[in-house]
Amino acid sequence: MDATLIRTINRLQDAFSTVGVHNPVDLPQIVVIGSQSSGKSSVLENIVGRDFLPRGSGIVTRRPLVLQLINRPAATSTSDDGDKGKSTTNAKKGDENDKKEPEEWGEFLHQPGVKYTDFNLIREEIVRDTEAKTGKNAGISPLPINLRIYSPHVLTLTLVDLPGLTKLPVGDQPKDIEKQIRDMIIKYITKPNSIILAVTAANVDLANSDGLRLARDVDPEGARTIGVLTKVDLMDAGTDVVDILAGRVIPLRLGYVPVVNRGQRDIDTKKSINKSLEGERAFFENHAAYKSKAQYCGTPYLARKLNMILMHHIRNTLPEIKAKIQAALAKYIAELATLGDGMAEGAGQANIVLNIITEFCTEFRTIIDGNSTDLSSFELSGGARISFVFHELYSNGVKSLDPFDQVKDVDIRTILYNSSGSSPALFVGTTAFEVIIKQQIKRLEDPSLRCVNMVFDELVRILTQLLSKQLFKRFPQLKDRFYQVVINFFRKQLSPTNKLVQDLISMESCYINTGHPDFLNGHKAMAVINDRINQAKNPQPIDPKNRNSALANLPPSLEPEPTNNGFFGSFFSGKKKRPGVMEPPPSVLKASGNLSEREQIETEVIKLLISSYFNIVKRTVIDTVPKAIMLNLVNNAKEELQRELLQELYKTEVLDELLKESEFTQNRRKECKKMIEALQKADEIVGSVSG
Ligand SMILES: Nc1nc2c(ncn2[C@@H]2O[C@H](COP(=O)(O)OP(=O)(O)OP(=O)(O)O)[C@@H](O)[C@H]2O)c(=O)[nH]1
């Protein structure tokens with residue numbers, strides 16, 4: 001059962017190896033980290049009991065090596081791995097004694113079926129494949145090499161060997177090599193399912209261990225970090241690692257294991273690993289500081305410990321792995337469904353386009369009407385934004401128009417005099433009022449047309465939002481055509497909408513309805529002004545309750561100014577008169593000078609009437625312009641868009657072109673299919689164990 005657990009993980013690792021580096025499920029594994037030359041390769045080789053890792057100066061490990069050790073009983077003719085029970089087809093091919101399998105061999109995932117019995121060839125293949133993927137310079141790559149070693153002398157275990165932490169780039173190594181390696185290591189050890197094997201040379205200060213330092217960043221409690229102390233034999237006489245082992249220096253919950261690997265001289269003199277393991281045992285058994293605890297020291301103990309930890313870990317995480325596989329499977333199946341099944345033909349194509357058009361139009365209407373199911377609580381969308389344009393932007397824009405920022409008293413007087421012709425007017429001139437109010441009403445056209453444009457922009461926004469959906473990513477041509485057709489359609493609606501809005505404003509300016517029930521008529525206006533003037537002449541405290549509402553609303557400019565005498569007295573002033581001399585009138589004659597009381601009253605009355613009427617018109621356009629826009633632009637789009645789209649896009653001769661899939665979709669579909677296959681296999685594998 002125990003070995004089965006680890007083998008299950010190995011098989012899962014293989015199942016996912018086809019999907020590259022994007023493994024959606026984080027599998028339990030032991031990740032070996034440490035500084036360069038700390039002894040990582042030596043530890044791994046000792047665990048395997050064979051020389052098989054590339055050695056040399058500089059960074060040798062430049063890609064992650066996923067090393068799956070599989071224990072198989074000696075002298076059996078069948079493989080104990082469920083996936084690969086096939087007979088040898090490889091290095092041993094041609095051997096008459098085909099039934100007699102080699103005792104130990106290695107197999108790379110990228111060369112299925114090829115059994116390496118010569119471990120030197122394994123080393124060469126690692127070097128070859130590393131260079132093939134990363135080039136000869138000393139660059140690194142996150143693409144793992146998967147190697148399995150079948151042997152009766154190993155415990156079933158999965159280890160990932162990573163490039164050693166280095167300080168300075170050498171030769172033509174990239175400048176940021178240190179960061180690249182660090183990032184790669186962090187990516188592996190951050191996964192909560194990884195057990196960190198932090199290798200540190202015992203003859204350097206533990207506090208300076210790069211491996212432990214990195215491990216601490218991702219596993220501050222030390223809950224899934226095992227410390228391995230190498231080069232214990234190289235420690236100064238009289239010093240030992242007893243304190244570290246006892247957890248008195250940097251405590252780790254999984255503890256430390258001291259080991260003694262082959263020294264460089266041993267390697268140079270080709271000392272066998274078996275000999276080295278014997279030497280290691282003798283070292284611990286005879287060392288004064290370690291002999292009482294020798295069974296907790298050395299490589300064999302380390303291998304057993306790792307095997308136990310890994311199994312324990314897998315057993316605990318298997319249910320979670322199962323759930324993750326199933327969740328990922330559901331996610332990819334759903335994504336594949338949105339990507340569709342590849343190219344349809346004939347009627348199938350027509351159906352796709354018909355469905356897309358129908359769905360688009362339904363969603364368009366839903367968004368405008370505000371019934372969308374994926375309503376955002378973060379921002380206004382669709383219909384709500386159009387409503388904001390009407391009720392906030394347009395309404396406030398219109399309300400803020402003040403006729404008197406353009407029409408000054410002096411203009412009113414000029415118009416007054418012009419409208420009364422050559423004989424002095426006796427009453428407040430309706431003509432003057434009409435001339436001014438019509439000019440002011442015309443000013444409403446500009447914000448109203450801008451409102452049309454803003455709603456147009458909102459429609460385009462909805463269009464873009466709908467076209468950003470996954471479905472349109474699949475068919476880029478269709479997306480472009482949709483955009484063109486819909487935008488053209490909106491544009492076509494623009495001119496009747498603008499015309500209607502202009503007409504509404506023209507209607508208002510064409511006929512001034514002084515009989516409007518809300519209009520402050522001439523008499524009332526007069527009374528208000530008289531009140532105002534009397535109040536100014538004999539100021540009396542105003543009882544707010546009795547205060548005439550129109551009076552209260554008078555603009556500050558109606559405060560009486562110092563009056564002048566004479567009816568026309570000051571009107572044509574401007575030049576100092578010389579007695580007896582009558583000069584011709586100047587070419588441009590403007591009303592100027594101080595106002596007479598009568599003039600002042602007349603001007604104020606006109607202003608009051610303008611304000612009153614202009615407010616009525618403002619209220620009307622705030623009400624009717626949005627209605628006009630809804631009628632001609634928005635509703636038309638809601639109702640006619642489908643017909644327009646069908647007419648333009650639902651044609652046999654364009655379907656092929658429209659439904660050309662994007663490369664993204666084609667690739668993504670392939671990726672999804674691969675992933676689903678891997679996950680389904682993984683699901684089966686996990687299912688077969690836990691049952
Ligand atoms: N005496 C002694 N030497 C060791 C021990 N472990 C490793 N060495 C030596 O230290 C050097 C580096 O060991 P490696 O195993 O290559 O170290 P590494 O961490 O894999 O190095 P990179 O792959 O370059 O990162 C070699 O010369 C080993 O022989 C040990 O326990 N004792």
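When reading the values below, keep in mind they use all heavy atoms of this one structure, side chains included, and skip hydrogens, waters and symmetry mates. Since the model is a prediction, treat every value here as computed from it, not as a measurement. In each ligand, atom 1 is the first atom listed, and ligand 1 is the first ligand listed.
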> Please walk me through it: do S151 and E103 pass side-chain hydrogen bond (donor to acceptor under 3.5 Å, both in side chains)?
Replying inline: CA-CA 6 Å; S151 162; E103 194 182 52; over 6 Å; no

Numbering as shown, the atoms of ligand 1 that approach [X] to under 4.0 Å (heavy-atom distance):
X: S35; answer: 19 (O)
X: D233; answer: 1 (N), 2 (C), 30 (C), 31 (O), 32 (N)
X: Q36; answer: 24 (O), 25 (O)
X: I267; answer: 29 (O)
X: V260; answer: 31 (O)
X: S42; answer: 7 (C), 13 (O), 14 (P), 15 (O)

> For ligand 1, is there an atom lying under 4.0 Å from some heavy atom of G34?
Replying inline: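 Judged by the 4.0 Å heavy-atom criterion, G34 does not count as contacting ligand 1.
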
Counting only heavy atoms closer than 4.0 Å, does ligand 1 sit against the backbone of [X], its side chain, both, or neither?
X: D266; value: neither
X: A201; value: neither
X: N261; value: both

>> Between the side chains of R281 and E285, is the shortest nitrogen-to-carboxylate-oxygen separation below 4.0 Å, so that they form an ion pair?
In response: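 Salt bridge: yes.
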
> Any donor and acceptor pair, going by atom type alone, linking the side chain of T230 with main-chain N or O of S38 inside 3.5 Å?
Replying inline: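 Here the side-chain-to-backbone pair exists.
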
> Would a distance-only check, ignoring hydrogens and angles, find a side-chain to backbone donor-acceptor pair under 3.5 Å from R123 to L53?
Replying inline: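 Side chain of R123 to backbone of L53: a pair is present.
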
>> Just to verify, which of V257, V259, V199, L206 counts as forming a side chain to side chain contact (heavy atoms under 4.5 Å, CB included) with L229?
In response: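 Option passing the side chain to side chain contact (heavy atoms under 4.5 Å, CB included) with L229: L206.
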
> Which of these, R262, R62, Q264, has its nearest heavy atom closest to atom 26 (C) of ligand 1?
Replying inline: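 Comparing heavy atoms across R262, R62, Q264, the nearest one to atom 26 (C) of ligand 1 lies in Q264.
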
>> Within the 4.5 Å heavy-atom criterion, are R224 and H313 side-chain neighbours or not?
In response: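 A side-chain contact is absent here, since even the closest heavy-atom pair is not under 4.5 Å.
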
>> Does anything in residues 227-241 form a salt bridge (Lys or Arg N to Asp or Glu O under 4.0 Å)? List the pairs, not counting sequence neighbours.
In response: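 Those involving residues 227-241 do not exist here.
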
> Got an N/O contact under 3.5 Å between K231 and ligand 1?
Replying inline: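 Checking ligand 1 against K231, an N or O pair does fall under 3.5 Å apart.
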
>> Quick check: Y116 with F108 (ring centres under 6.0 Å apart)?
In response: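 Ring centroids of F108 and Y116 are less than 6.0 Å from each other.
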
